[in-house]
Engineer: 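The structure's right below; bear with me while I get my questions together.
Quick caveat, the model's predicted, so the values are computed rather than measured.
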Amino acid sequence: HSTHEGQVMATDEKKQQVLPVYLVIDVSYSMAGDAIKSAQQAVDDILFEIKTIPTLAESAFIAVITFCERADRIMPMSNLSYVDASPVLELGASTSYVAAIDAVLAGLRDDVAEMKANGKAVFRPCVFFLTDGEPTAHITPGGDVYFNYPPVRETIEATLREVVRCTREQIRINTFVLDATTALTQFIEQMTQLNGGRAFYTTNEALGDYVLVDFLEHRRRMTRRRAG
């Protein structure tokens, strides 16, 4: 039986209704310079804006995951009322979407279970995925990082398998793409077709605005569907 994107998993109207959001940010080497600064600014701005709007601060729970060849959860799922400072983004090497999506899915069940245990009614989580490059790495069955640029077929296929896992969990990935090449655009279109999320092609300067506007729109959609 399918659960609609906007449907609250728990139905008790008296419960506080929360939207879990994963900010997933590429910190691979190609992000060096203006791109990583823009990503940091986008994180800072989003967290600041959400904290300054009381209804948002109450209802949005945010986790921040960075990824290069491995993924790192640099901010656990948090109510921003209790977060004093933004997490700091640090550069790594290659680009593994597999590690990033796996980190989301690995933490998702625990995050949702904890929120429910604390008496919250939980909306379907959403993922905002920031990148400037194609996936160039995946984890081999032996647990090693395999890297190649341009990406090999195995890396592309491993990545799309993770996207399908997200789709099965009814998690939409909205992707924000910096400096898109033709190859990157083609790959992102494959992702969005498989997943049903949306892609935004933006610049370093506009990145934070794009993410914030999409977050606010996503939350409005959630609220409207719940109210309806």
Engineer: Examine distances only and state if a side-chain atom of T167 and a backbone atom of L194 form a donor-acceptor pair shorter than 3.5 Å.
Structural biologist: yes
Engineer: Identify, with sequence neighbours excluded, every residue that meets side-chain contact (heavy atoms from CB on, under 4.5 Å) alongside N148.
Structural biologist: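 If we apply the side-chain contact (heavy atoms from CB on, under 4.5 Å) test to N148, skipping adjacent residues, the hits are Y146, V152.
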Engineer: Students often mix this up, so state it plainly: with edges at 30° and 60°, are the rings of F128 and F176 parallel, tilted or perpendicular?
Structural biologist: tilted
Engineer: Can you name the salt bridge (charged side-chain N to carboxylate O under 4.0 Å, His left out) partners of R73, sequence neighbours left out?
Structural biologist: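 D111.
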Engineer: Check this for me, if you would: do R220 and E217 make a salt bridge, where the nitrogen-to-carboxylate-oxygen distance has to be below 4.0 angstrom?
Structural biologist: no
Engineer: Determine, using ring centers only, whether Y22 and F129 are less than 6.0 Å apart.
Structural biologist: no
Engineer: Applying side-chain hydrogen bond (donor to acceptor under 3.5 Å, both in side chains), which residue pairs with at least one partner in residues 42-52 are found, sequence neighbours left out?
Structural biologist: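 Qualifying pairs: Q40-D44, Q41-D45, D44-S86.
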Engineer: Got a sec, which residues hit side chain to side chain donor-acceptor pair (under 3.5 Å) with R109, two or more places apart in sequence or on another chain?
Structural biologist: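 Per chain and number, R109 pairs via side chain to side chain donor-acceptor pair (under 3.5 Å) with E169.
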Engineer: Would you please name every residue forming a side chain to side chain donor-acceptor pair (under 3.5 Å) with E189, sequence neighbours left out?
Structural biologist: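 Once residues adjacent in sequence are excluded, the partners of E189 under the side chain to side chain donor-acceptor pair (under 3.5 Å) criterion are Y201.
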Engineer: With sequence neighbours left out, write down each residue that passes side chain to side chain donor-acceptor pair (under 3.5 Å) with T95, or none if nothing qualifies.
Structural biologist: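 Side chain to side chain donor-acceptor pair (under 3.5 Å) check on T95 returns S28.
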Engineer: With rounding to the nearest 0.5 Å, note down the distance linking OH in Y97 to CD in E134.
Structural biologist: 7.5 Å
Engineer: Under 6.0 Å from the CZ atom of F215, do we count more than 12 heavy atoms belonging to anything else shown?
Structural biologist: yes
Engineer: Can you measure from CD1 (I171) to CZ (R124) and round to the nearest 0.5 angstrom?
Structural biologist: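 Reported to 0.5 Å precision, the distance equals 7.0 Å.
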Engineer: Checking N174 against D214: is there a side-chain donor and acceptor pair closer than 3.5 Å?
Structural biologist: yes
